[in-house]
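First the structure, in the form of structure tokens, and then the observations on it.
FYI, side chains are in, hydrogens and waters are out, and symmetry mates aren't considered; it's all heavy atoms of this structure.
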Amino acid sequence: NNSLILFDRFSLENANQVVFGTSGGGKSYAVKLEILRSILFGNQIFVIDPEHEYKHVAETLGGSFIKISIASDSHLNPFDLPAPREDERPEDIFRSHILDLTGLMKVMLGKMSPEEESVLDEALIQSYAIKDIYPDQDFSDKEPPLMSDFQNVLENMTGAESLVIRIKKYTEGTFAGFLNRPTNVVLDNQLVVFSIRDMEDELKPIAMYLVLNFIWTKVRKELRKRILVVDEAWWLLKNEAGANFLLNTAKRARKYFLGLTTISQDVPDFINSPFGKPIVTNAALQLLMKQSPAAIETVKETFNLTEAEKIALLGSRVGHGLFFAGTNHAALRVVASYTEDQIITSDPRQILEIKEAKSDNPKFNFTDNVPVLQDGEQVVDDDGEPVFKKKEITLYAPCQTPTRRLRVVFFSICHICTVLRIFHLKKCSAVSDIAFCDNRLQTTKISLLLREKSAARLFLRKRNREIAVTKH
């Protein structure tokens, strides 16, 4: 009925969410918008970003953007142990971490025989023992071992010859700088994005597992509302150990006040994985964006869609989809304000326009607070030159259909063409004190910051038809 959809993911049986859709359907846009708004409520957000899509969001909000690659200065030691909480025993934490480490080793080293798995388990325990770390003692202040320590233990064990050969490329070979250094990354920011774009495809599942495990150690230590976003999660599902770890995270997240958001565009492969469907069933929230004809039957069967819902997903426009919260289904359109859109957009053309606008006027930032000025008052730079001037502009526009969205776009039409502000106008909107009512001719005053010594034109459009024009 065109009303707002309000939801609190932490009020459901679990706070997990899955997001599926074709490339360019608006999956990441919707998730970034939720990140932006969740931060306002004090939630801590972690993101595993395979394509550098969340960099601008992190930089704009003052978050941490951490590059994980072979040549990166940021390092994560997989042997770091989580500190036990007051209600947890060190022995339980230690053995749980050994199991997680075993999964990582399976992703790194490939298939193992039962004998090799037994050797691996013993080698991991002995690697901690050489650092005086034992499961029945307090290890919160102990220095953990490194991958090279683990290799040294393996070299002195019978039956570990194959494992030693395979582990050497992570300690002495091409990938030595990736896993064999102490951790120098902290998770004390409200928004932390881990980018693995520059990681080789062979290493991306390892990097995702490593980051996910590192975040999990932080989550277990302290209870707090958190959201963990795993974009392009199909990378983890390519390996059984990685897929199993992601599933276990989804199952255990609720106990630690964590909401896991899993995003994927490869729906059939995700669903057909032995671990994919359980991840979906462990998500109380599901967001389905535009689907391809090749995937729609799998989606219909998995989510029990009606024929009408199936047709709607096949023909969905960008940003449109179906939103499931428990047993409730609703058609959804993702709508961002102009400032939000400037922060979260991944449209290459729009990103280039923003960069050009900022380079043309470095003192103007789309995310900056607009100065409060009186009509005619100016903003000057350090040299006393005018930068902005406030101008009151009056538009006369009839609004025959108040439920339709109207948009006012301000363009500078001097030699630099820059979009400075877009106002979304709705019926009885509180934004900028703008309101349109039924079948009435109404005066609307809009305050803009105009660049000094430049002309400006305002267009008020409705259904792509110009209904009011004014020039200043």
Side-chain angles (χ1 to χ4, degrees), residues 14-16 43-48 64 66 68 74-108 120-147 149-150 153 178-194 206-230 236 241-242 244-260:
N14 64 68
N16 298 336
N43 299 336
Q44 188 176 26
I45 314 292
F46 301 122
V47 181
I48 302 178
S64 300
I66 302 167
I68 302 296
S74 300
H75 308 293
L76 301 178
N77 180 11
F79 289 88
D80 286 345
L81 278 162
R85 298 206 323 254
E86 292 181 358
D87 58 341
E88 294 177 324
R89 295 192 308 163
E91 184 177 358
D92 294 334
I93 297 296
F94 183 87
R95 298 198 181 281
S96 175
H97 184 67
I98 291 295
L99 291 175
D100 294 339
L101 262 182
T102 301
L104 175 62
M105 294 300 171
K106 289 180 179 179
V107 177
M108 293 168 52
L120 174 67
D121 183 70
E122 180 63 25
L124 289 173
I125 295 174
Q126 290 299 322
S127 298
Y128 284 102
I130 62 175
K131 294 291 185 177
D132 200 26
I133 297 175
Y134 301 96
D136 56 349
Q137 299 178 6
D138 181 18
F139 45 73
S140 56
D141 59 345
K142 300 292 181 65
E143 181 184 348
L146 297 176
M147 192 67 69
D149 298 317
F150 173 65
V153 172
F178 171 38
L179 294 168
N180 195 31
R181 295 185 182 179
T183 298
N184 62 355
V185 172
V186 293
L187 298 180
D188 55 357
N189 209 314
Q190 192 175 359
L191 173 62
V192 183
V193 177
F194 291 90
I206 301 173
M208 293 185 79
Y209 192 113
L210 176 68
V211 173
L212 193 58
N213 186 47
F214 179 67
I215 293 172
W216 183 247
T217 61
K218 171 72 172 181
V219 168
R220 293 186 59 161
K221 183 179 179 180
E222 177 190 5
L223 279 181
R224 178 182 175 183
K225 274 189 180 181
R226 294 184 175 96
I227 296 175
L228 169 58
V229 178
V230 183
L236 267 176
N244 187 51
F245 187 67
L246 185 63
L247 174 59
N248 285 334
T249 303
K251 289 180 176 180
R252 296 182 289 177
R254 181 186 63 84
K255 298 178 182 178
Y256 297 96
F257 227 169
L258 175 70
L260 174 66

- Could you tell me which non-hydrogen atom of H97 sits nearest to which non-hydrogen atom of P82, and how far apart they are? ND1-CD, 3.9 Å
- Message: Nearest 0.5 angstrom please: D188 CG to S64 OG, how far?
- Response: 6.5 Å
- Query: Any side-chain heavy atom of F178 sitting closer than 4.5 Å to one from I68?
  - Reply: yes
- Message: Please give me the minimum heavy-atom distance between F94 and P135, naming the atom from each residue.
- Response: CD2-CB, 3.5 Å
- Item | Heavy-atom donor-acceptor pair, K142 side chain to K131 backbone, under 3.5 Å | no
- Query: To the nearest 0.5 Å, how far apart are CG in L179 and CG in L76?
  - Reply: 9.0 Å
- Task: Kindly indicate whether the side chain of L210, heavy atoms from C-beta on, has any atom under 4.5 Å from the side chain of F194.
- Result: no
- Task: Would you mind reporting whether W216 and L228 have side-chain heavy atoms less than 4.5 Å apart?
- Result: no
- Message: Strictly distance-based, threshold 3.5 Å: is any side-chain N or O of D149 a donor or acceptor partner for the main-chain N or O of L146?
- Response: yes
- Message: Could you check whether F139 and Y128 have their ring centres less than 6.0 Å apart?
- Response: no
- Under the 3.5 angstrom rule, does the side chain of N180 hit a backbone N or O of M147 as a donor-acceptor pair? yes
- To the nearest 0.5 Å, how far apart are CG in L223 and CZ in R85? 4.5 Å
- Work out which heavy atom in D80 is nearest to a heavy atom in T217; give both atom names and the distance. O-CG2, 4.4 Å
- Item | V192 and V185, any side-chain heavy atoms less than 4.5 Å apart | no
- Message: Just so I know, are the side chains of I125 and D121 near enough to count as touching, which here means a heavy-atom distance under 4.5 Å?
- Response: yes
- Write down the atom of A250, the atom of N16, and the distance for their closest heavy-atom approach. O-ND2, 2.9 Å
- Could you give the distance from CG (L212) to CG (L260), rounded to the nearest 0.5 Å? 7.5 Å
- Message: Distance check, rounded to the nearest 0.5 Å: L258 atom CG versus I215 atom CD1?
- Response: 9.0 Å
- Which atom names give the shortest non-hydrogen contact between P78 and L101, and what distance separates them? O-CD2, 3.4 Å
- Query: Donor-acceptor pair, Q190 side chain versus N43 backbone, under 3.5 Å?
  - Reply: yes
- Query: Hey, is the main chain of P145 close enough, under 3.5 Å, to the side chain of N77 for a donor-acceptor pair?
  - Reply: yes
- If you look at every heavy atom in I130 and S127, which pair is closest and at what distance? CG1-O, 3.0 Å
- Quick one: sort the F245 and Y209 rings into parallel, tilted or perpendicular, breaks at 30° and 60°. parallel
- Got a sec: does the CZ of R254 have more than 12 other heavy atoms crowding it under 6.0 Å? no
- V230 and its side chain to side chain contact (heavy atoms under 4.5 Å, CB included) partner, picked from I48, V211, V47: I48
- Would you say the side-chain atoms of Q137 pair up with the backbone N or O of D132, donor to acceptor, closer than 3.5 Å? no
- Give a yes or no on whether E88 atom CD has more than 12 heavy-atom contacts from other residues, nucleotides or ligands under 6.0 Å away. yes
- Item | Min side-chain heavy-atom separation L81-P144 under 4.5 Å | no
- d(R89 CZ, D136 CG) to nearest 0.5 Å is 10.5 Å
